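Treat the numbers as computed from the prediction; the structure is a model and nothing was measured.
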Amino acid sequence: MDLQFSDLDPQKKIYFASDFHLGAPDRASSLDREKKIVRWLSEVSPSAAGIFLAGDLFDFWFEYKHVVPKGYLRFLGKLAEIKDRGIPIVIFTGNHDLWMADYLTRELDIPIIHQPQSFQIGPHSVHIGHGDGLGPGDKKFKFFKKIFTNGLAQWAFRWLHPDLGIWLANKWSDHSRDTCSDPPFKGDEEWLIQYCKEVEVTAHHDFYIFGHRHLAIEAPIGTRSTYFNLGEWINGSTYLEMTQDNATLKTFES
């Protein structure tokens with residue numbers, strides 16, 4: 001259990017968002033979305049005791065030894081500004097940016113977390129992650145994730161010229177988006193809800209917070225816990241606001 005947010009100032013809040021998918025589906029719409037995300041970060045940061053970004057911030061990300069994908073300067077600059085003001089930021093990797101390594105940690109002092117993790121946030125015990133590959137089912141993705149997270153596969157990809165490697169990765173991402181649609185909410189049949197129930201058996205959490213699903217969801221886990229999915233920012237702009245008293249899904253309209 002990470003305790004860095006356990007002493008939450010009653011006047012402050014913790015914010016959660018995910019699935020920005022910067023870079024998709026084209027430069028113009030991604031730039032509009034990036035500017036909106038920066039406006040949201042500017043609005044929430046004065047009251048923030050911490051900001052969690054729960055994966056798929058980029059539609060593709062890969063860190064070569066001396067190269068990262070170009071673009072996203074407004075977003076990265078805003079993260080740097082917030083961090084330099086002493087506000088903690090925590091980033092989880094998602095299935096689209098699972099090759100995120102230590103670039104943002106070295107440049108911005110932002111930790112990068114690759115697996116779900118538990119935090120004590122004020123009086124709340126919270127389990128957080130992106131959500132890909134958790135729970136039953138999704139066996140095809142789990143198979144490919146084992147390949148993509150294999151050190152040898154990453155080493156081999158790094159030997160491709162960045163122009164070719166990033167082009168191939170973007171084509172794969174476009175194909176995945178075109179062939180996979182987000183199904184409607186399935187209630188207790190949701191894989192992430194089943195995962196949360198499995199975790200709850202062994203360790204109680206007040207809140208379970210994930211992305212990946214591209215639906216803003218609030219659902220009970222038993223009688224003592226709540227599952228939130230953070231939704232997405234391609235067609236929406238939902239986020240979660242947590243205080244000492246509660247957690248609430250909201251939509252950014254500005």
Roughly how far apart are Phe119 CZ and Asp2 CG, rounded to 0.5 Å?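 The CZ atom of Phe119 sits 4.5 Å away from the CG atom of Asp2.
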
When you measure from the side chain of [X] to the backbone N and O of [Y], does any donor-acceptor pair fall under 3.5 Å?
{"X": "Glu232", "Y": "Gly236", "answer": "yes"}
{"X": "His21", "Y": "Asp59", "answer": "no"}
{"X": "Gln244", "Y": "Leu8", "answer": "yes"}
{"X": "Arg33", "Y": "Ala28", "answer": "no"}

Has Lys35 got its NZ or CZ under 6.0 Å from the middle of the six-membered ring of Trp40, at an angle within 45 degrees of the ring axis?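 Negative - Lys35 is either too far from the ring of Trp40 or too far off its axis.
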
Just wondering, are more than 12 heavy atoms of other shown residues or ligands nearer than 6.0 Å to CG in Asp9?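 Yes, the 6.0 Å shell around CG holds more than 12 heavy atoms from other groups.
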
Check whether more than 12 heavy atoms from other residues, nucleotides or ligands sit under 6.0 Å from atom CG of Asp188, and answer yes or no.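 No, not enclosed.
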
Minimum heavy-atom separation for Pro88 and Gln4, please, with both atom names.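 Nearest pair, atom of Pro88 first, then Gln4: CB-OE1, 4.5 Å.
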
Does Phe207 belong to the same Ile/Leu/Val/Met/Phe/Trp/Tyr cluster as Ile221, with side-chain heavy atoms less than 4.5 Å apart forming each link?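 They do not share one cluster, since no chain of ILVMFWY contacts under 4.5 Å joins Phe207 to Ile221.
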
Would you say Phe92 ends up clustered with Ile112 if hydrophobic residues are merged whenever their side chains have heavy atoms under 4.5 Å apart, either directly or through other cluster members?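 No, no single cluster joins them.
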
Return the set of residues passing salt bridge (charged side-chain N to carboxylate O under 4.0 Å, His left out) with Asp102 (not counting sequence neighbours), or none when no residue passes.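 So Asp102 forms a salt bridge (charged side-chain N to carboxylate O under 4.0 Å, His left out) with Arg106.
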
Compute whether any side-chain donor of one residue and acceptor of the other, for His204 and Glu200, lie under 3.5 angstrom apart.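 Note: His204 and Glu200 side chains meet the donor-acceptor criterion.
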
